[in-house]
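Below is one structure, written out as structure tokens; the observations come after it.
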Protein chains: 2
Amino acid sequence: MLGDATLPYPMQVATWNINSIRTRLPHVTQWLQDHVVDVLCLQETKVIDGDFPLQAFEDIGYQAHVYGQKAYNGVAMISRVPLQRVRKGFAAILAADRVGDLDAQKRVISAVIGDICIVNLYVPNGASVGSQKYDYKLRWLHCLRDYLQQLLAEYPNLNVCGDFNVALEDRDIYDASDKANHIMASAAERQALQTVLGIGLQDAFRKFTAEPGQFSWWDYRAASFRRNLGWRIDHHYLSDPLYERAISCTIDVEPRKLEKPSDHAPVIVEYPTP
Amino acid sequence: MLGDATLPYPMQVATWNINSIRTRLPHVTQWLQDHVVDVLCLQETKVIDGDFPLQAFEDIGYQAHVYGQKAYNGVAMISRVPLQRVRKGFAAILAADRVGDLDAQKRVISAVIGDICIVNLYVPNGASVGSQKYDYKLRWLHCLRDYLQQLLAEYPNLNVCGDFNVALEDRDIYDASDKANHIMASAAERQALQTVLGIGLQDAFRKFTAEPGQFSWWDYRAASFRRNLGWRIDHHYLSDPLYERAISCTIDVEPRKLEKPSDHAPVIVEYPTP
DNA sequence: GACCTAAAAG
DNA sequence: CTTTTAGGTC
């Protein structure tokens with residue numbers, strides 16, 4: 001049994017949009033048994049909290065904190081070590097009139113482990129540029145800035161991860177030439193995310209890897225994965241002290257090769273044990 | 001490659017309601033490779049003819065004759081040896097005004113192999129006693145009698161098989177005590193089927209096995225298969241010369257034990273090679 | 001309980 | 001393409 005607060009190996013935090021915990025449970029539990037991950041942040045669980053398979057995670061030595069809804073969205077944090085201060089929704093931090101309707105969809109959960117605050121996000125997809133859902137995405141990102149700014153004031157060590165549904169730079173897309181007005185790459189949403197990062201967050205992946213062609217999501221259609229037509233939209237954004245501390249950030253493409261995979265791959269950031 | 005008209009082993013004809021050929025294709029092709037079946041009659045294929053996986057059967061040395069529709073019903077005959085005189089629907093034999101609307105649902109296909117005419121049927125379920133669908137089932141069985149009478153005049157060796165959705169006797173049901181007004185066991189549908197058999201057909205299975213508790217269908221619900229709460233509703237009814245010729249008739253329950261099974265098991269009748 | 005369709009979401 | 005829903009069949 002693993003459960004010590006201090007571990008003989010580096011601490012790992014992972015994010016993975018699993019596109020239905022019901023369908024993907026075997027992949028997720030197998031992956032947790034093959035990798036020494038301390039905290040796994042899941043998006044698109046797609047179940048109400050009562051239907052989340054808590055027991056399957058307890059059986060392999062993990063506890064789960066869930067914040068879900070029927071059919072769509074839903075986030076969860078899976079942890080070997082007990083988590084502190086689990087907070088669900090923007091309204092756990094922000095005033096109700098600031099949040100408005102943005103908590104109707106379950107997309108935000110955060111918790112504290114040791115001296116690190118981990119935020120797990122499922123940013124709205126936005127459908128297409130200029131649509132109502134696009135406006136919702138921009139409003140959501142603006143609210144996220146306020147949310148993270150308050151958290152950062154409380155926790156200098158902030159690890160913000162999840163499915164951001166935004167590829168910040170052209171090198172994060174398989175072919176950016178025709179994507180200027182494409183959802184996940186348009187100027188307004190990139191700017192909205194840059195404003196979020198402006199509070200003092202940096203991309204853990206780009207600390208270690210400058211090359212293009214590194215992706216975390218491939219469309220199910222058109223054999224995109226086989227042809228590596230992907231996007232890097234799943235991220236770990238770190239506050240300065242954590243950015244300095246991070247010793248690796250990698251994308252594990254192996255689960256994307258399995259039968260009936262999620263369309264996303266997990267992204268792992270690693271810290272030394274103090 | 002097998003393909004000789006004369007075979008060094010007995011000839012086998014099987015019937016199997018596979019409840020979607022799309023979902024069950026792996027079970028069906030595996031079963032054909034594990035069993036020396038000459039003709040396999042399928043019901044509830046649930047695909048239009050253009051979507052039937054012909055190639056998968058050709059790959060294992062079988063040809064398929066299909067008569068399907070979208071979403072519901074649908075029958076097919078799978079054969080190692082080429083089939084002669086394939087006929088689809090009642091209207092291939094009966095006058096259009098006799099058939100009426102009874103060919104709108106694809107439930108009848110027949111073909112000739114050697115000196116035997118094989119008829120493959122998916123009899124309407126009938127929903128509940130007294131319903132509109134029940135009346136349709138009775139009308140359909142009356143039409144079937146005319147259809148088979150004409151075929152029998154042409155082919156003295158008639159093997160009529162399929163999912164009849166009728167358990168003729170109480171020993172064909174796990175507990176008949178409360179089934180007198182149950183669909184598949186009510187007096188009117190049993191009488192309608194008896195009238196069909198009256199043209200000169202006998203139950204191949206009962207030539208060899210008198211015991212109760214022998215079933216071919218178990219409801220997916222209430223763990224019916226595990227508890228053997230089944231019905232014998234899939235049959236081979238044979239004209240006199242074939243009834244004399246038959247050397248076995250068995251139900252293969254093994255496929256019902258697999259993952260994601262059909263709710264029906266195949267039933268096989270065997271004839272000596274002349 | 002396991003199939004089917006259809007639409008919505010990604 | 002894959003997932004979800006709801007309504008229908010058996």
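As a basis for the values below, the full set of heavy atoms in this structure was taken, side chains included, without hydrogen atoms, waters or symmetry mates.
- With respect to A:Arg256 and A:Asp263, no salt bridge is recorded, no charged nitrogen being found less than 4.0 Å from a carboxylate O.
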Residues B:Glu44, B:Asn73; criterion side-chain hydrogen bond (donor to acceptor under 3.5 Å, both in side chains); working and verdict: CA-CA 4 Å; B:Glu44 284 206 84; B:Asn73 314 308; over 6 Å; no

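- A salt bridge between A:Asp163 and A:Arg107 is absent, with no side-chain N of the basic residue lying under 4.0 Å from a carboxylate O of the acidic one.
- Closest to the B:Arg22 side chain, of the nucleotides D:dC10, C:dC3, C:dC4, is C:dC4.
- Between B:Lys133 and the phosphate of D:dC10, there is a side-chain N or O to OP1/OP2 separation shorter than 4.0 Å.
- Look at B:Lys70 and you won't find any side-chain N or O under 4.0 angstrom from OP1 or OP2 of D:dT9.
- As a whole-Å value, the separation of B:Asp219 CG from D:dT9 P is 16 Å.
- Checking B:Trp217 against A:Ser20, the closest nucleotide of DNA chain D that is more toward the 5' end is the one next to A:Ser20.
- Distance, B:Arg221 CZ to C:dC3 P: 13 Å, rounded to whole Å.
- In terms of phosphate contacts, B:Lys260 brings no side-chain nitrogen or oxygen within less than 4.0 Å of OP1 or OP2 of C:dG1.
- Rounded to whole Å, the distance from CE on A:Met184 to P on C:dG10 is 11 Å.
- A salt bridge links A:Arg232 with A:Asp203; the closest basic N to acidic carboxylate O contact falls under 4.0 Å.
- At whole-Å resolution of the value, OH in A:Tyr134 and C1' in C:dG10 are 17 Å apart.
- In this entry the distance linking CD1 of B:Ile48 with C1' of C:dT5 reads 13 Å, nearest Å.
- Proximity note for B:Tyr220 (side chain, C-beta onward) versus D:dC10, C:dA2, D:dT4: the nearest is C:dA2.
- In this structure, the CG atom of A:Asn17 is 12 Å from the C1' atom of D:dT2, given to the nearest Å.
- Nucleotide D:dT4 holds its P atom 10 Å from the CD atom of A:Glu44, rounded to whole Å.
- Proximity of A:Arg24 to the phosphate of D:dT3: a side-chain N or O atom is located under 4.0 Å from OP1 or OP2.
- Under a 4.0 Å N-O distance rule, the pair B:Arg227/B:Asp219 does not qualify as a salt bridge.
- Contact between the side-chain N/O atoms of A:Lys46 and the OP1/OP2 oxygens of D:dT5 is not found at any separation under 4.0 Å.
- OP1 or OP2 of C:dC4 has at least one side-chain nitrogen or oxygen of B:Thr23 nearer than 4.0 Å.
- B:Asp51 has its CG atom 17 Å from the P atom of C:dC3, to the nearest Å.
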